[in-house]
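Presented below is the structure to which this report refers.
For the single chain, residues carry numbers from 1 onward in sequence order.
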Amino acid sequence: MRPVKNLFLVDDDEIYVFLTKRTIEETNLADQVKIFRNGKEAIDFLEGAADNIELLPEIIFLDITMPILDGWGFIEEYISLKPRLGKKITLYIVSTSVSPADIQRAKEISVVSDFIIKPVTKEKFIDVIKKL
C-alpha cells in the first residue's frame with residue numbers, strides 16, 4: 001500500500017479538521033493534507049491547478065455543510081471542472097449527517113465514491129487507501 005501524494009480536506013469545522021489531519025498523518029499514507037474551509041476555496045484552487053497534475057489531489061474528503069459554497073455546490077462545480085483535470089481524483093463525502101436523503105443523494109452522484117459518517121478513523125482511512 002503506497003501513500004497518496006495529496007489529499008484535500010474540505011471542511012469548516014476546525015476541531016474536526018485538526019483531528020482528522022492528525023489521524024491521517026499518523027498513518028503515513030498521505031504525503032500532504034491540504035485544508036480548505038469551504039467549497040469555493042477548493043474549487044478556486046482546482047481551477048488554478050488544473051494544468052499542474054502535481055498539485056492535484058488523489059483524494060478529496062468533502063463536508064456537505066459549509067459556508068460560502070457547501071458540498072453539494074462544490075460537487076456541481078467539480079463535475080463541470082472535472083474534464084479539465086488531468087488526474088483521477090477520488091471524492092468522498094464525509095459528514096455528520098445520517099440523513100437517508102443525504103446518503104441517497106450522494107449515491108446518485110457518479111463522482112462521489114462513498115459517503116463516510118464522521119469521524120474518519122485510522123482504520124477507515126487505511127480502507128480508503130486500499131480501495132484506490
Side-chain angles (χ1 to χ4, degrees):
M1 189 170 33
R2 62 181 183 85
V4 295
K5 183 168 180 158
N6 293 309
L7 181 140
F8 285 8
L9 187 54
V10 186
D11 199 304
D12 66 319
D13 182 331
E14 290 183 30
I15 294 169
Y16 166 77
V17 166
F18 173 79
L19 293 173
T20 302
K21 184 176 181 198
R22 197 166 101 188
T23 298
I24 291 168
E25 288 171 345
E26 287 175 2
T27 67
N28 292 314
L29 292 174
D31 293 341
Q32 180 180 14
V33 178
K34 188 156 183 58
I35 309 299
F36 299 93
R37 301 290 178 199
N38 61 68
K40 181 167 179 5
E41 284 181 8
I43 285 292
D44 289 349
F45 183 91
L46 290 170
E47 286 175 340
D51 296 328
N52 190 339
I53 291 174
E54 291 300 312
L55 296 177
L56 297 174
E58 287 86 1
I59 298 172
I60 297 174
F61 282 166
L62 176 70
D63 187 23
I64 51 176
T65 308
M66 294 176 289
I68 303 172
L69 182 64
D70 68 8
W72 303 120
F74 170 92
I75 290 169
E76 285 179 31
E77 292 196 28
Y78 175 78
I79 289 169
S80 298
L81 179 61
K82 190 175 183 227
R84 292 185 32 222
L85 304 175
K87 186 176 197 177
K88 181 183 185 309
I89 299 172
T90 305
L91 175 66
Y92 290 90
I93 291 179
V94 183
S95 177
T96 56
S97 174
V98 292
S99 163
D102 285 341
I103 294 167
Q104 185 59 40
R105 183 175 178 187
K107 286 181 179 180
E108 292 170 359
I109 301 171
S110 64
V111 297
V112 176
S113 293
D114 202 356
F115 190 103
I116 300 171
I117 297 172
K118 290 180 181 177
V120 174
T121 62
K122 280 186 198 178
E123 294 77 16
K124 184 62 182 175
F125 182 67
I126 290 168
D127 188 47
V128 164
I129 297 298
K130 284 180 182 176
K131 289 180 181 175
L132 286 181

- Message: What I'd like to find out is whether the side chain of I75 reaches to under 4.5 Å of the side chain of L91, using heavy atoms alone.
- Response: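 With C-beta onward as the side chain, the pair touches.
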- Message: Counting C-beta onward and ignoring hydrogens, is there a side-chain heavy-atom pair between F125 and T20 closer than 4.5 Å?
- Response: no
- Under the salt bridge (Lys or Arg N to Asp or Glu O under 4.0 Å) test, residues paired with E47 that sit two or more places apart: none
- Task: Name all residues meeting the salt bridge (Lys or Arg N to Asp or Glu O under 4.0 Å) criterion together with D13; count only those two or more places apart in sequence or in a different chain, and write none if there are none.
- Result: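 None.
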How close do [X] and [Y] get, counting heavy atoms only, and between which atoms?
X	Y	answer
A42	F74	CB-CE1, 3.6 Å
P3	N28	CB-O, 3.8 Å
T65	D12	O-OD1, 3.3 Å
D11	D63	OD2-CB, 3.2 Å
I64	S95	CG1-OG, 3.5 Å
W72	A106	CH2-N, 4.0 Å

Got a second to check how far [X]'s [atom1] is from [Y]'s [atom2], nearest 0.5 Å?
X	Y	atom1	atom2	value
L85	D51	CG	CG	9.5 Å
L56	N6	CG	CG	8.0 Å
D31	E25	CG	CD	11.0 Å
K122	T27	NZ	OG1	8.0 Å
Y92	L9	OH	CG	14.5 Å

- Can you name the residues that form a ring pair (Phe, Tyr, Trp, His ring centres under 6.0 Å) with Y16, not counting sequence neighbours?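 Y16 satisfies ring pair (Phe, Tyr, Trp, His ring centres under 6.0 Å) with no other residue.
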With clusters defined by side-chain heavy atoms of hydrophobic residues (ILVMFWY) lying less than 4.5 Å apart, directly or transitively, does [Y] cluster with [X]?
X	Y	answer
V94	I59	yes
I109	L69	yes
L29	F61	yes
I89	I116	no
L46	I93	yes

- Message: Counting only heavy atoms from other residues, nucleotides and ligands, does the tally under 6.0 Å from CD of E26 exceed 12?
- Response: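 It does: E26 CD has more than 12 such atoms within range.
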- Query: Do other residues, nucleotides or ligands put more than 12 heavy atoms under 6.0 Å from K124 NZ?
  - Reply: yes
- Item | Listed once per pair and sorted, the salt bridge (Lys or Arg N to Asp or Glu O under 4.0 Å) pairs that draw on residues 82-105, sequence neighbours left out |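 As it turns out, the salt bridge (Lys or Arg N to Asp or Glu O under 4.0 Å) pairs with a partner in residues 82-105, which skip direct neighbours, are E58-K87.
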- Message: With ring-ring contact (aromatic ring centres under 6.0 Å, His included) as the rule and sequence neighbours excluded, what pairs involving residues 33-60 come up?
- Response: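 Of all non-adjacent pairs touching residues 33-60, those that pass ring-ring contact (aromatic ring centres under 6.0 Å, His included) are F8-F36, F8-F45, F36-F45.
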- Query: Checking N38 side chain against M66 main chain: does a donor-acceptor pair fall under 3.5 Å?
  - Reply: no
- I68/R37 under side chain to side chain contact (heavy atoms under 4.5 Å, CB included): CA gap, chis, key distance, verdict: CA-CA 9 Å; I68 303 172; R37 301 290 178 199; over 6 Å; no
- Message: Using the rule given for side chain to side chain contact (heavy atoms under 4.5 Å, CB included), can you reason through I129 versus V4, listing the C-alpha separation, both sets of side-chain angles and the distance that settles it, and then say yes or no?
- Response: CA-CA 8 Å; I129 297 298; V4 295; 3.8 Å; yes
- Task: Tell me who clusters with L19, hydrophobic residues only, linked when side chains sit under 4.5 Å apart either directly or through other members.
- Result: I15, F18
- Query: Does K5 pair with E54 as a salt bridge, N-O distance under 4.0 Å?
  - Reply: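 E54 and K5: salt-bridged.
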